[in-house]
Amino acid sequence: MKKMQVPLSDWLVKHELIHRSLGFDCRGIETLQIKTEDWDSIAVISYVYGYNYLRSQCAYDVAPGGFLASVYHLTKIQYGIDKPEEVCIKVFAPRSNPQTPSVFWIWRSADFQERESYDMLGISYENHPRLKRILMPESWIGWPLRKDYITPNFYEIQDAH
């Protein structure tokens, strides 16, 4: 008989790791809010707990002048399991200094995804090996997906044919 694992949020409570449940989506996947300073250790714990696949990472601007959120969708991939267990983790960073630990060293698939979040929103992922712009030119000023971003009144089309 296979032992049933408790949800990640229950495990975090049991081990006194601070987080907040933000509820469940329509598919029953729980969303957890983690403090930026706790994310590196909770990411490692999540991996050890069985979340061996980073399905996606994205980021968004919560509100003008507010926090920036980095969102991680983690999945437990196991042989013989038709419906893998999933969890969504949100890490909020202050707009004035948006930094959060990179999870590249745990899930290599975070590489381009964290770079895109950096490029579009300016979230700096600490210890990311190649954190630089991936979509915009290196010379671009500002973070285009922030709600307070002011679009330049000029566009240069380089090498247009």
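The model shown is predicted, which means the values in this text are computed figures rather than measured ones. Count residues from 1 along the sequence.
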If only side-chain N and O atoms count, and only distance matters, is there a donor-acceptor pair under 3.5 Å linking E85 with Y51?
yes

### Query
Any donor and acceptor pair, going by atom type alone, linking the side chain of E116 with main-chain N or O of L135 inside 3.5 Å?
no

One should read off an interatomic distance between I42 CD1 and I34 CD1, to the nearest 0.5 angstrom, of 4.0 Å

Residues passing the side chain to side chain contact (heavy atoms under 4.5 Å, CB included) test with Q33, sequence neighbours excluded, are R20, L22, F92

* Asked: So, K76 side chain and P84 main chain: donor-acceptor pair closer than 3.5 Å or not?
  -> no

- Are the side chain of D119 and the backbone N or O of I134 linked by a donor-acceptor pair below 3.5 Å? yes

Besides Y53, the hydrophobic cluster formed by Ile, Leu, Val, Met, Phe, Trp and Tyr side chains linked at under 4.5 Å, directly or via other members, contains I77

How about Y125 and Q57: does a side-chain donor come under 3.5 Å of a side-chain acceptor?
-> yes

- prompt: Distance under 6.0 Å and angle within 45° of the ring axis: does K90 meet both against Y60?
  reply: no

| message | Looking only at side-chain N and O atoms, does Q113 offer a donor or acceptor that is under 3.5 Å from a partner on S56? | response | no

Worksheet entry | Check: D111/H128 side-chain N/O donor and acceptor closer than 3.5 Å | yes

Item checked: Quiz item: cation-pi between R146 and Y149, 6.0 Å / 45° -> no

Apart from W105 itself, its cluster of hydrophobic side chains linked below 4.5 Å comprises F104

Exercise. With under 30° as parallel and over 60° as perpendicular, where do the rings of Y72 and W39 fit, or are they tilted in between?
Worked result: tilted

- Query: Regarding S102 and E126, is there a side-chain donor-to-acceptor distance under 3.5 Å anywhere?
  - Reply: no

- Message: Could you check whether any side-chain heavy atom of P101 comes within less than 4.5 Å of a side-chain heavy atom of N127, counting everything from C-beta outward?
- Response: no

E30 side chain to S21 side chain, donor-acceptor N/O pair below 3.5 angstrom: yes

